[in-house]
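The structure displayed is predicted, hence computed values, not measured ones. All residue numbers refer to positions in the sequence shown, counting from 1.
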Amino acid sequence: MEEAFYREAAKMPAVRGDGMRGLAVFISDIRNCKSKEAEVKRINKELANIRSKFKGDKTLDGYQKKKYVCKLLFIFLLGHDIDFGHMEAVNLLSSNKYTEKQIGYLFISVLVNTNSDLIKLIVQSIKNDLSSRNPVHVNLALQCIANIGSKEMADAFGNDIPKLLVSGETMDVVKQSAALCLLRLFRTTQEIIPGGEWTSRIIHLLNDQHMGVVTAACSLIEALVKKNPDEYKGCVSLAVSRLSRIVTASYTDLQDYTYYFVPAPWLSVKLLRLLQHYPPPEDPGVRGRLNECLDTILNKAQEPPKSKKVQHSNAKNAVLFEAISIIIHSDSEPNLLVRACNQLGQFLSHRETNLRYLALETMCLLATSEFSHEAVKKHQETVINALKTERDVSVRQRAVDLLYAMCDRSNAEEIVQEMLNYLETADYSIREEMVLKVAILAEKYAQDYTWYVDVILNLIRIAGDYVSEEVWYRVIQIVVNREDVQGYAAKTVFEALQAPACHENMVKVGGYILGEFGNLIAGDSRSAPAVQFQLLHSKYHLCSAATRALLLTTYIKFINLFPEIKSQIQDVLKSNSNLRSSDAELQQRASEYLHLSITTTTDVLATVLEEMPPFTEKESSILAVLKKKSGRMSAQEAQREARVQARENSTVPLPDKAQIAQLNNSTSADLLGLSTPPASQNSTQSNTGVLVDVLGDLYGGSTTTHNGTTTPATTTSTAGATDNIKKFVCKNNGVLYENDIIQIGIKSEFRQNLGRIGVFYGNKTSMPLQGFLPTVSVGGTQQGKVTVQVKPVEPSIDAGAQVQQLVNCECIEDFLGLPDLTVSFTYGNVPQRLALHLPLSCNKFFEPTDMNGESFFSRWKNLSAPSQEAQKIFKNAGPMENAAIKTKLLGFGMQLLEGIDPNPENFVCAAIIHTRTQQIGCLLRLEPNRQAQMYRLTIRASKESTAHIMAELLAEQF
């Protein structure tokens with residue numbers, strides 16, 4: 001920006017005889033300052049001179065005003081506050097000279113606040129320029145609107161810009177700017193785009209003769225499609241038609257829009273992205289034409305390059321990769337999928353690192369298609385070689401991802417072995433994710449579970465620090481549930497524990513398995529009971545308290561399995577390090593196990609310490625952990641995962657109804673069942689267990705794991721949707737809305753007239769929510785009475801993920817009703833739209849006020865005007881319990897004043913509503929009639945409308 005000012009200064013004529021230095025000289029002086037103090041001194045001197053010129057010289061011409069405004073802009077960019085010159089900048093807007101008008105608009109875009117008193121003058125000047133016949137002036141006005149991009153600008157010009165965009169009299173260069181300006185305002189206020197006939201007129205901009213207009217319109221239409229795909233589905237045929245004309249054109253046909261011999265690459269990419277928001281066209285003609293375009297793009301990728309410059313290959317490959325993305329998105333053309341795979345295979349050995357990365361990333365998606373999976377597997381050796389030889393860690397990461405994606409039963413052992421080999425030297429940043437992927441592949445494709453046990457134990461040996469609890473929980477669950485592998489697992493883990501350096505996770509697995517199945521290998525003298533005990537106990541002093549606690553349980557199990565070593569184990573339990581341990585858990589276990597071994601009979605001991613029964617079959621939670629750890633699952637990757645699941649389901653025999661019920665009722669939060677209670681028998685399958693519950697136990701409680709940490713309680717989804725908006729009048733936190741797809745939670749806090757609401761959106765499904773767009777709008781009755789500022793969120797929510805949106809609000813004056821909360825997204829290519837309300841009612845701005853009886857009744861009498869009182873008599877809907885009534889009144893935000901009303905059955909409260917302009921006193925009296933099951937509610941307030949608003953709100957809660 002500073003350089004731009006310097007260039008602008010260089011173009012200006014020399015300083016006239018007014019004693020002021022030119023802009024270029026001033027910038028040069030600033031650059032030559034030797035210290036910060038010298039710079040500040042020079043700037044202050046210049047500001048004083050400019051201020052005196054603006055105040056004292058009434059004959060300043062446009063050039064001089066422009067020059068001084070430029071200096072003020074430059075000073076502002078250096079970090080100094082500018083508190084004058086705004087009016088002079090506004091005056092420049094009325095100039096007919098381009099440079100003067102340009103500097104005026106630039107100053108306004110950067111320095112003028114939307115709350116400024118000058119905003120009306122600015123809006124009028126912009127309207128004048130929008131109606132000008134000079135396209136340059138119109139463009140400057142549009143650029144200023146877009147640069148400011150505020151809701152006020154959207155309200156002021158929301159009707160003018162769409163008309164300018166679709167008008168037949170508007171010049172092409174203005175249409176371009178109008179489309180981009182409208183896009184900027186749409187991102188601020190989505191209601192700015194009119195519907196109905198305007199939809200068709202905006203879509204038909206794709207047929208415009210001017211390529212610049214089409215490019216700008218394509219960006220606008222894509223944003224509109226994300227919000228309302230059904231309304232704009234007519235753009236598909238026009239987009240395909242325009243794409244066809246570009247792809248089949250020679251670079252000489254579109255000379256003005258050809259970039260290094262590639263016709264209109266940016267527009268091609270935008271059109272291809274636009275088409276990915278819809279399923280493959282149903283019209284055979286449109287579908288055939290699209291396939292021809294994609295086929296042509298793949299053919300051109302095979303042609304020799306027309307230029308050796310990198311810009312040519314970048315533009316060409318940008319179009320190619322976007323074409324492959326839509327081929328993957330459609331997943332319906334086997335020929336195109338295989339051709340795309342072969343093309344990407346050529347890039348795997350390309351000298352350009354970025355191309356290799358993109359090829360690996362895109363092939364991950366192709367690997368999940370039933371049409372191209374086998375074609376991807378042909379490149380297995382190349383991918384393994386990349387894993388070993390690539391210098392860039394991000395490329396190696398994508399090679400791991402591709403091996404994971406291409407794995408099936410035919411190549412699982414080879415791929416898992418290669419990943420294990422690489423794991424020994426892998427970068428620390430990707431080890432944890434690799435461990436999870438190896439564990440998933442080993443379990444998913446294990447034909448012999450002895451191989452699975454070997455893989456997991458190898459994982460622990462090679463990368464024990466990166467093996468999460470979920471992994472070793474899972475191997476224990478599988479070993480306990482499969483008798484055929486128990487003896488092998490005991491023998492293998494016994495051998496692994498003999499290594500001099502043994503990871504603590506190996507000790508945990510060994511302790512659990514030997515405690516349960518050590519008797520299966522006790523017949524061999526090399527693994528006799530005493531040997532097993534001594535081997536485990538040799539690791540005891542090296543382990544953490546949690547592992548020691550597990551080993552103590554193993555020791556008491558040994559007493560049941562091997563009575564001959566009972567005395568050795570009792571000596572360990574009696575040792576001071578255990579009975580007098582500083583760790584309460586160890587001390588308690590040692591004491592209880594010792595007394596159990598001494599006082600109980602053999603039969604009782606055998607009953608208490610019998611072998612663990614098989615675990616309930618559960619879905620592995622490792623996949624959910626992998627998503628959380630990688631943190632970069634895109635929408636396409638979510639589709640990839642869904643396709644893999646579908647492909648596997650097509651080859652696996654269908655379970656019977658009992659198995660389905662058992663699967664649906666299982667949870668995946670904890671493999672060993674240590675922390676998650678069993679799901680209720682009538683629950684349906686839910687993925688909410690993978691959501692991060694940032695609201696703690698507000699959503700229905702939490703459970704405690706074996707190590708003392710808390711995990712969110714699993715929420716069971718129901719067939720119908722639940723909207724709890726009415727409950728939020730008397731509470732600030734909880735679940736606002738929930739259905740089978742999404743859970744919306746609220747956590748809010750208020751202080752005087754200001755508030756902050758955290759809205760949490762949780763994806764309960766195994767697919768991403770795309771085009772995610774929540775909007776908050778203030779309705780007519782609240783307009784000007786309450787303001788909300790909403791921070792944007794990411795346009796997609798990954799499977800099982802949760803995002804937070806902050807809403808800052810301010811109470812201007814008392815208001816009735818609730819702001820609208822509209823949540824739009826696409827799930828499984830089906831648009832979803834939820835019309836809800838944000839729980840922001842007027843009572844949220846209450847401050848409880850304590851007072852004695854004398855003060856209360858004195859103020860009650862002072863508020864005796866009929867307009868200051870609101871009274872409602874209504875029937876009770878539930879039990880009239882004092883505790884419930886108190887909870888509602890306190891949740892309503894008022895101070896409950898006990899012992900003040902002469903009738904002890906009545907409730908009286910007091911509070912102050914804080915607004916921006918005033919404080920409103922509010923007194924309440926609630927009289928229950930238990931015989932008639934009726935209430936009489938009386939509210940008095942110092943402002944006339946407030947009492948009626950509060951009475952309406954509170955009466956609905958009973």
message: If you apply the rule side-chain contact (heavy atoms from CB on, under 4.5 Å), what do you find for Phe26 with Ile75, and how did you get there?
response: CA-CA 10 Å; Phe26 173 62; Ile75 293 170; 3.9 Å; yes
Restricting to side-chain contact (heavy atoms from CB on, under 4.5 Å), what partner residues turn up for [X], sequence neighbours left out?
X: Asn91; result: Lys65, Met87
X: Glu222; result: Lys226, Arg273, Leu274, His277
X: Lys309; result: Tyr260, Ser307, Gln311
X: Thr915; result: Cys811, Ile913, Thr917, Gln918, Ile920

- request: Write out all pairs satisfying ring-ring contact (aromatic ring centres under 6.0 Å, His included) with one or both partners inside residues 91-125, taking only residues at least two apart or from two chains.
  value: His86-Phe107
- prompt: Restricting to pairs with a member in residues 169-210, which pass ring-ring contact (aromatic ring centres under 6.0 Å, His included), not counting sequence neighbours?
  reply: none
- request: Kindly state whether the ring of Tyr257 and the ring of Trp266 have centres lying under 6.0 angstrom apart.
  value: no
task: Check the surroundings of atom NZ in Lys233: do more than 12 heavy atoms from other residues, nucleotides or ligands lie under 6.0 Å from it?
output: no
query: Counting only heavy atoms not in Asp81, do more than 12 sit closer than 6.0 Å to its CG atom?
result: no
field: Qualifying residues under ring pair (Phe, Tyr, Trp, His ring centres under 6.0 Å), relative to Tyr761, sequence neighbours excluded
entry: Phe772
Which pair of heavy atoms, one from [X] and one from [Y], lies closest together, and at what distance?
X: Ser177; Y: Leu142; result: CB-CD1, 3.7 Å
X: Cys181; Y: Ile161; result: SG-CD1, 3.6 Å
X: Asp814; Y: Lys785; result: O-CD, 3.5 Å
X: Val776; Y: Pro819; result: CG1-CB, 4.2 Å
X: Ala217; Y: Ala179; result: N-CB, 4.1 Å

If the condition is side-chain hydrogen bond (donor to acceptor under 3.5 Å, both in side chains), which residues does [X] pass it with, not counting sequence neighbours?
X: Gln789; answer: none
X: Glu749; answer: Arg756
X: Gln190; answer: none

Could you state the interatomic distance from [atom1] ([X]) to [atom2] ([Y]), rounded to the nearest 0.5 Å?
X: Glu231; Y: Ile193; atom1: CD; atom2: CD1; answer: 10.0 Å
X: Ile949; Y: Ser841; atom1: CD1; atom2: OG; answer: 10.5 Å
X: Ile192; Y: Lys151; atom1: CD1; atom2: NZ; answer: 10.0 Å
X: Arg51; Y: Asp83; atom1: CZ; atom2: CG; answer: 5.0 Å
X: Ile812; Y: Thr787; atom1: CD1; atom2: OG1; answer: 4.5 Å
X: Thr826; Y: Tyr278; atom1: OG1; atom2: OH; answer: 9.0 Å

Backbone N/O of [Y] and side chain of [X]: donor-acceptor pair under 3.5 Å:
X: Ser52; Y: Asn49; result: yes
X: Ser125; Y: Leu93; result: no
X: Thr188; Y: Gly149; result: yes
X: Arg242; Y: Leu206; result: yes
X: Thr170; Y: Lys175; result: no

- request: Dump the intermediate steps for side-chain hydrogen bond (donor to acceptor under 3.5 Å, both in side chains) on Gln124 and Asn128, then the final yes or no.
  value: CA-CA 6 Å; Gln124 188 56 50; Asn128 292 339; 3.2 Å; yes
message: Salt bridge check, Glu39 against Lys36: does any charged N sit closer than 4.0 Å to a carboxylate O?
response: yes
- request: Answer yes or no: is there a side-chain heavy-atom contact under 4.5 Å between Leu838 and Val759?
  value: yes
message: A side-chain contact here means heavy atoms from C-beta on lying under 4.5 Å apart; do Ile126 and Met153 qualify?
response: yes
message: For Lys227 and Tyr232: C-alpha separation, side-chain torsions, deciding distance, then whether side-chain contact (heavy atoms from CB on, under 4.5 Å) applies.
response: CA-CA 10 Å; Lys227 181 193 175 190; Tyr232 290 88; over 6 Å; no
Would you check if there is a donor-acceptor pair between the side chains of [Y] and [X] at a distance under 3.5 Å?
X: Asn732; Y: Lys844; answer: yes
X: Gln276; Y: Glu322; answer: yes
X: Ser132; Y: Asn134; answer: no
X: Gln143; Y: Asn139; answer: no
X: Lys270; Y: Ser219; answer: yes

query: Should Asp61 and Lys67 be marked as a salt bridge (charged side-chain N to carboxylate O under 4.0 Å, His left out) after you check the CA-CA gap, both sets of side-chain angles, and the distance that decides it?
result: CA-CA 10 Å; Asp61 59 15; Lys67 180 176 62 175; over 6 Å; no
message: If you apply the rule side-chain contact (heavy atoms from CB on, under 4.5 Å), what do you find for Leu816 with Cys842, and how did you get there?
response: CA-CA 7 Å; Leu816 182 64; Cys842 191; over 6 Å; no
- request: Kindly determine whether Glu37 and Lys41 satisfy salt bridge (charged side-chain N to carboxylate O under 4.0 Å, His left out), including the steps that lead there.
  value: CA-CA 6 Å; Glu37 291 75 13; Lys41 183 178 179 181; over 6 Å; no
query: Per the side chain to side chain contact (heavy atoms under 4.5 Å, CB included) rule, which among Glu100, Lys71, Glu88 passes with Lys66?
result: Glu100
Listed partners of Asp256 passing salt bridge (Lys or Arg N to Asp or Glu O under 4.0 Å), at least two apart: none
- request: Could you list the residues that satisfy salt bridge (Lys or Arg N to Asp or Glu O under 4.0 Å) with Asp820, not counting sequence neighbours?
  value: none
